[in-house]
Amino acid sequence: MIWFFMLLWALSAFGIGLAVLMVIDRHGRIRGPEALGLSFLTGVGLISVHLSAAGLLGMKFTRCLILVPWAAVFVISFFISKAPLRERLGARFTAPGRSEIIFVCLILFEVLYTLWRAVLKPMESYDSVAIYALKGKILYLAGAVPGNFFGFIANHFHGIHPDYPLFISMAETWVYVFTGAFNDFASKLIFPLAFAAFLAVFFSVLRRVIGSRRNALIFTFMLGSVAQFNNYAVIGCADMHMGIHFSLSLLYLYLWMREKNCPVFIFVSLIFGVFSLWTKNEGLVLADIVLAVLLVYTARNFRGIDLRGAACIILYSAVIGAAAAAWMIFRSGHGLVNENLNPSMLTAGNLFKGLGRMPMILYEYQKHVFGFKKWNIIWILVLAAAVKCGRSCVRGDRLYITLAMALFFASYTAVYVFSAVEIDFLLRTTASRFLIHILPVSVFWVAGIWSDSCVPKNTAAF
Amino acid sequence: MDVFKVRYAVLILAVWLALWANFIARDLFFKGALRGYLSLSVRDEDGRRAYVYGDIFYGLLKYAKGMMPEGAAFELKGVEPFSLEYRRAVYYLYPHLESDNADYVIAFGTDFENPRYEYAGGLDAERKIFRRK
């Protein structure tokens with residue numbers, strides 16, 4: 001019975017995301033697997049944000065709280081949308097070649113294998129039972145966000161990190177509210193479904209950019225087969241979602257910058273930018289990185305940006321800024337402080353002391369570069385591409401992705417430099433998870449360079 | 001752009017696939033993951049949680065959860081603080097809260113003696129529950 005409810009849960013999340021997609025993309029620019037995947041990811045995210053906002057405003061968690069308003073949006077979206085649903089969700093494709101069929105099968109294997117591993121076990125990994133799933137259980141059993149929630153969890157649960165955003169916990173709480181029972185086998189389904197949905201979107205975005213369906217399939221398989229990435233679709237932690245939200249925020253912004261006259265892309269980027277902020281504390285840094293990319297784009301194309309483009313840029317910056325400010329004010333108001341990095345650690349003394357840690361930090365990165373079991377050879381490919389590509393890494397549109405990657409590594413390294421936490425412990429427990437955040441963007445970056453040299457030039461625009 | 005030539009691309013892909021297949025096969029067949037997954041597949045949800053938490057430890061947690069009245073606080077003895085087992089126990093036993101001044105002491109593989117507590121039940125010599133007098 002629970003799995004029947006989970007099917008309804010997945011359909012409701014998909015329906016909510018689809019409704020929003022139909023409103024922001026009236027003409028159906030986003031179709032097929034991209035629309036399917038994006039709808040699910042958007043739906044899960046919107047429900048989590050909605051439930052969080054309603055909970056923090058003191059409302060009780062009920063099915064109606066979420067389903068009624070979004071059902072209204074769903075109905076309205078059919079009147080607003082100009083593209084028929086069948087056309088939007090249907091896929092038109094030419095007959096695949098033999099290599100394409102092989103890679104589709106490999107991707108399907110990876111997805112099914114991940115799904116199987118996920119639902120076999122309850123929530124059991126360390127961060128899951130210490131942080132995300134525990135908060136989800138507490139919130140569900142409370143039926144709301146209790147007035148003293150953050151103080152309560154800080155006092156009663158060591159290591160629960162009350163300052164962490166509630167995206168994953170709220171998504172799990174919604175599963176329990178929707179199904180009417182606490183079942184942490186069922187809530188595990190969030191993760192492999194998000195993994196599958198993301199691979200569909202990643203493939204579609206990559207195909208838009210590099211043109212070649214075969215190469216897009218190859219790189220989608222490469223991303224999905226990175227053990228560290230698909231393992232995080234199994235264990236119930238937030239890092240895969242962090243990587244998904246950051247990469248979709250950046251990649252859709254990139255699509256908007258390329259295609260200039262398609263505001264749909266910047267709206268999708270904005271939605272996932274807000275989700276980034278609500279997924280993990282690192283989301284604040286990652287959303288800032290995307291904003292920095294937008295700033296550089298604006299500076300480079302200042303004269304070429306029309307009124308509509310300018311409005312999009314202002315709206316984007318304002319919404320991300322407002323969402324970030326709201327969360328920071330909320331955190332500060334509740335006395336929530338991050339243990340790994342907080343403003344009190346950003347001192348000249350910590351900088352000088354922290355610079356001495358650079359050899360250890362670089363050694364840790366090196367371990368991952370050659371950590372084939374977790375990462376296959378993706379970081380070797382990234383380094384090889386960077387070395388061989390040279391200055392062309394920062395030419396044309398590629399600059400934006402390169403810039404985002406450079407800012408990512410600089411800012412995450414700065415965390416290790418400034419943090420007052422014992423560096424051995426911090427590196428050992430965080431580096432392999434942090435790299436998941438940049439993995440999809442890195443694969444996308446390598447795919448662009450690969451395709452520049454391996455497919456006819458007229459289809460390799462990136 | 002002369003970065004990845006086609007022949008290198010094929011070589012890279014071959015290396016990728018070889019490593020991917022090697023690590024999956026090693027985990028599944030040589031490290032026993034497949035046996036574990038198959039064993040989990042035939043169990044019900046309670047059995048699967050027992051498999052993951054460890055049958056013996058989960059038996060004690062389940063027994064304790066069934067014994068403690070609503071609102072009772074517990075203390076774990078014999079489980080290393082902040083270890084994975086400890087985290088799983090705290091998660092599983094919620095809404096019971098852990099406390100230093102607990103109503104119940106859950107002793108796992110350790111001797112527990114305290115005049116303020118009395119024996120309340122147990123599964124065997126290694127798994128006992130004590131209640132505050």
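Side-chain atoms are counted along with the backbone in the values below, which use heavy atoms only and exclude waters and symmetry mates. Small disclaimer: the values here were computed from a predicted structure and weren't measured. Each chain gets a letter, A, B and so on, in the order the sequences are listed, and its residues count up from 1.
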Problem - ring pair (Phe, Tyr, Trp, His ring centres under 6.0 Å) assessment of A:Trp450 paired with A:Phe219 - result: CA-CA 10 Å; A:Trp450 171 308; A:Phe219 280 97; 4.8 Å; yes

Exercise for the section: On the 0 to 90° scale, with breaks at 30° and 60°, tag the B:Tyr119-B:Phe130 ring pair as parallel, tilted or perpendicular. Expected result: perpendicular

Practice task
For the residue pair B:Tyr53 and B:Tyr58, categorise the inter-ring angle as parallel (less than 30°), tilted (30 to 60°) or perpendicular (more than 60°).
Solution key: perpendicular

Problem - Engaged part of A:Tyr140 at the chain B interface, taking heavy atoms whose separation is under 4.5 Å - result: neither

Practice task
Name the region of B:Tyr37, side chain, backbone, both or neither, that has any atom closer than 4.5 Å to a heavy atom of chain A.
Solution key: both

Exercise for the section: Assess whether atom CD of A:Glu422 is packed by more than 12 heavy atoms of other residues, nucleotides or ligands within 6.0 Å. Expected result: yes

Handout entry: Portion of A:Ser128 that has a non-hydrogen atom of chain B nearer than 4.5 angstrom
Key = neither

Handout entry: Toward chain A, the part of B:Asp27 with a non-hydrogen atom under 4.5 Å
Key = side chain

Handout entry: Heavy atoms of other groups near B:Asn101 CG, more than 12 under 6.0 Å
Key = yes

Exercise for the section: Counting only heavy atoms closer than 4.5 Å, note whether B:Ser83 contacts chain A via side chain, backbone, both or neither. Expected result: backbone

Exercise for the section: Identify which of A:Ile218, A:Val226, A:Leu134, A:Ile138 forms the greatest number of heavy-atom pairs closer than 4.5 Å to chain B. Expected result: A:Ile138

Handout entry: Contacting moiety of B:Arg26, where chain A heavy atoms sit under 4.5 Å
Key = side chain

Handout entry: More than 12 heavy atoms from other groups under 6.0 Å of NZ on B:Lys62
Key = no

Practice task
Could you tell me which portion of A:Val387 (side chain, backbone, both or neither) has an atom closer than 4.5 angstrom to a non-hydrogen atom of chain B?
Solution key: neither

Fill in the blank from the handout: When the 4.5 angstrom heavy-atom criterion is applied to A:Ala133 and chain B, the contacting part is both

Practice task
May I ask you to name which of B:Asn22, B:Ile24, B:Val15, B:Leu84 has the most heavy-atom pairs under 4.5 Å with chain A?
Solution key: B:Leu84

Exercise for the section: Check whether B:Phe82 gets within reach of chain A through its side chain, its backbone, both or neither, counting any heavy atom under 4.5 Å. Expected result: both

Handout entry: B:Arg43, CZ atom: more than 12 neighbouring heavy atoms under 6.0 Å
Key = yes

Handout entry: Structural part of A:Ile380 lying under 4.5 Å from a heavy atom of chain B
Key = neither

Practice task
On the 0 to 90° scale, with breaks at 30° and 60°, tag the A:His156-A:Phe152 ring pair as parallel, tilted or perpendicular.
Solution key: tilted

Exercise for the section: Using only heavy-atom distances, determine whether the side chains of A:Tyr176 and A:Ser187 contain a donor-acceptor pair under 3.5 Å. Expected result: yes

Problem - Contacting region of A:Phe185 [heavy-atom separation from chain B under 4.5 Å] - result: side chain

Handout entry: Contacting moiety of A:Leu141, where chain B heavy atoms sit under 4.5 Å
Key = side chain

